[in-house]
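These figures come from a predicted structure and were not determined experimentally. What you see below is based on every heavy atom in this structure, not just the backbone, and it leaves out hydrogens, waters and symmetry mates. Sequence positions, counted from 1, serve as the residue numbers for this chain.
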Amino acid sequence: MSERVFPAPSTISEQARSWLALDAGELTYPAADDTDGWLAMAARANQSTAQRFPVTGLPVHVEDFEVDGAAGYAARPHGVDDDAVFLWMHPGGLLVGGGDACRATTARTALSTGMLVWGVDYRLPPLYPHPAALNDAMSVYQHALRERDPSQVFVGGDSAGGNIAAALLLCAKDAGLPMPAALVLNTPQVDLTESGDTFQTLDGVDNILRSLAPTNALYAAGADLRDPYLSPIFGDVSGFPRTFLRSGTRDLFLSNTVRMHRKLRAAGVAAELHVFEAMPHGGFGGDSPEDLDAAAEQRRFLARS
């Protein structure tokens with residue numbers, strides 16, 4: 001049987017159709033115990049991201065910060081004086097996206113949201129598996145609550161960052177901390193067991209993402225993948241703040257997103273779901289009309305504080 005072909009529909013923009021013509025291909029992962037191999041893989045990916053999204057010349061001021069041992073980047077767009085802060089967790093499959101890559105994507109997130117953004121450069125495997133990333137996120141969140149009223153603190157993340165963001169709120173709730181003003185989950189990696197329907201039905205349809213089972217295992221370091229701090233979809237989300245969720249009809253993580261939306265709604269959380277036509281994981285590259293529409297919806301949501 002020949003491999004199925006999924007042509008780009010006429011219902012999306014020219015930029016989006018061009019993006020769907022790209023093929024990220026299959027990734028070859030190092031052996032589980034090949035620390036140097038994993039570190040080299042992450043370094044290559046991070047360098048590529050930093051080069052693709054240069055910060056120089058952007059109308060945003062970026063500063064490094066360190067809080068109780070956790071590192072990150074504070075990015076404020078020019079002309080933005082509001083004290084509200086968006087704690088943002090970067091994407092990267094729970095393996096990549098740190099360092100200069102985090103700095104670059106934090107700056108872009110600040111511009112797309114029009115807010116002061118604290119991009120948490122959370123620690124990652126193979127050197128720092130779970131719960132290092134969650135501990136870093138908690139340190140920054142606690143610092144934000146010491147400096148600001150919860151109504152001025154927003155939390156969110158993209159892909160793997162959505163995992164950390166949702167797990168952070170579970171952890172904060174368990175610790176008796178107040179919830180932030182709102183939560184943003186863009187195509188979140190909230191189920192490391194990859195049990196949702198679209199891990200089967202959209203395998204090979206999403207031109208950007210394949211199964212992340214090897215990196216999930218590396219991140220969990222032997223812990224049960226159904227632990228809510230690893231897979232927040234299995235946690236108690238009652239009491240969560242209003243939540244914005246985004247995905248696409250070709251996104252491998254579509255099931256993650258719609259299941260999380262239904263779970264939040266069942267718990268009485270005001271959650272809104274945005275699913276974009278033919279969009280694969282992470283969007284159409286950032287500058288298509290669909291991406292701009294998604295960013296505008298997110299800004300509208302964040303502005304309703």
Side-chain angles (χ1 to χ4, degrees), residues 24 27 29 38 41-42 45 49 87-98 101-102 105 109 119-125 128-134 136-137 155-171 183-203 205-206 208-221 223-235 237 240 243-248 250-264 271 273-275 279-283 294:
L27 280 176
Y29 292 101
W38 285 106
M41 182 179 187
T49 297
L87 271 61
W88 181 72
M89 316 298 161
H90 67 75
L94 299 171
L95 174 68
V96 305
C102 180
T105 52
T109 301
V120 182
D121 193 1
Y122 52 86
R123 290 169 294 167
L124 289 165
Y128 303 103
H130 177 78
L134 183 54
D136 289 345
V155 171
D158 294 14
S159 192
N163 176 297
I164 305 301
L168 166 61
L169 264 59
L170 291 174
C171 190
L183 174 66
V184 171
L185 300 176
N186 289 322
T187 181
Q189 192 179 353
V190 288
D191 180 7
L192 300 192
T193 73
E194 299 192 347
S195 55
D197 181 52
T198 57
F199 283 99
Q200 303 297 321
T201 60
L202 294 182
D203 182 27
V205 179
D206 190 329
I208 299 301
L209 187 64
R210 303 292 186 270
S211 169
L212 295 175
T215 58
N216 294 347
L218 189 74
Y219 176 75
D224 183 358
L225 293 180
R226 289 184 61 88
D227 183 323
Y229 285 179
L230 284 166
S231 295
I233 192 71
F234 301 117
V237 300
F240 269 35
T243 304
F244 176 97
L245 303 101
R246 175 181 61 76
S247 186
R250 294 195 180 200
D251 181 9
L252 193 70
F253 286 176
L254 176 59
S255 278
N256 283 351
T257 313
V258 298
R259 288 168 62 213
M260 192 67 177
H261 176 250
R262 296 315 307 164
K263 187 177 185 75
L264 289 162
L273 173 65
H274 298 262
V275 179
M279 185 178 281
H281 186 68

Practice item. Only counting residues at least two apart or in another chain, list the ones meeting salt bridge (Lys or Arg N to Asp or Glu O under 4.0 Å) with Asp191. Key: Arg259
**Study point:** Pro188 backbone acceptor or donor facing Asn256 side chain under 3.5 Å
**Key:** yes
Check your understanding: Got a donor-acceptor contact below 3.5 angstrom from the His261 side chain to the Ala271 backbone?
Key -> yes
Review point. Testing Asp224, Asp227, Thr193 for side chain to side chain contact (heavy atoms under 4.5 Å, CB included) with Phe234, which one passes?
Key: Thr193
Practice item. Taking all non-hydrogen atoms of both residues into account, name the closest pair between Gly93 and Leu212 and its distance. Key: CA-CD1, 4.0 Å
Review point. Shortest non-hydrogen contact from Pro129 to Ala221?
Key: CB-CB, 3.7 Å
Exercise for review: Give the minimum heavy-atom separation between Arg246 and Gly283, together with the two atoms involved.
Suggested key: NH1-N, 4.4 Å
Review point. Does any N or O in the side chain of Ser247 come within less than 3.5 Å of the main-chain N or O of Thr187, such that one atom is a donor and the other an acceptor?
Key: no
Exercise for review: Could you tell me whether a side-chain N or O of Asp251 sits under 3.5 Å from a main-chain N or O of Gly282, the two making a donor and an acceptor?
Suggested key: no
Practice item. Would you check if the side chain of Asp158 reaches a backbone N or O of Pro91 as a donor-acceptor pair within less than 3.5 Å? Key: no
**Study point:** Heavy-atom closest contact (Tyr29 atom, Ser211 atom, distance)
**Key:** OH-O, 3.8 Å
Point to revise | Heavy-atom side-chain contact between Leu94 and Ile164 under 4.5 Å | key: yes
Check your understanding: Does a side-chain heavy-atom distance below 4.5 Å link Asn216 with Gln189?
Key -> yes
**Study point:** From OG1 (Thr105) to CH2 (Trp88), nearest 0.5 Å
**Key:** 3.5 Å
Exercise for review: To the nearest 0.5 Å, tell me how far Thr257 OG1 sits from His281 NE2.
Suggested key: 9.0 Å
Exercise for review: Would you give the length of the straight line joining atom CG of Leu124 to atom NE2 of His90, rounded to the nearest 0.5 angstrom?
Suggested key: 5.0 Å
Exercise for review: Indicate the ring-plane relationship of Phe253 and Phe199, choosing parallel, tilted or perpendicular according to the 30° and 60° boundaries.
Suggested key: tilted
Review point. Of the non-hydrogen atoms in Leu183 and Ala165, which two are nearest, and what is the gap between them?
Key: CD1-CB, 4.1 Å
Review point. Are side-chain heavy atoms of Met41 and Leu27 found at a separation under 4.5 Å?
Key: yes
Review point. How close do Leu170 and Gly235 get, heavy atom to heavy atom, and via which atoms?
Key: CD1-CA, 4.2 Å
Review point. Hey, what do you get for CG (Leu185) to CZ (Phe244), rounding to the nearest 0.5 Å?
Key: 10.0 Å
Check your understanding: Out of curiosity, Met279 CE to Leu254 CG, how far, rounded to the nearest 0.5 Å?
Key -> 12.0 Å
Practice item. Answer yes or no: does atom OH of Tyr128 have more than 12 heavy-atom neighbours from other residues, nucleotides or ligands under 6.0 Å? Key: no
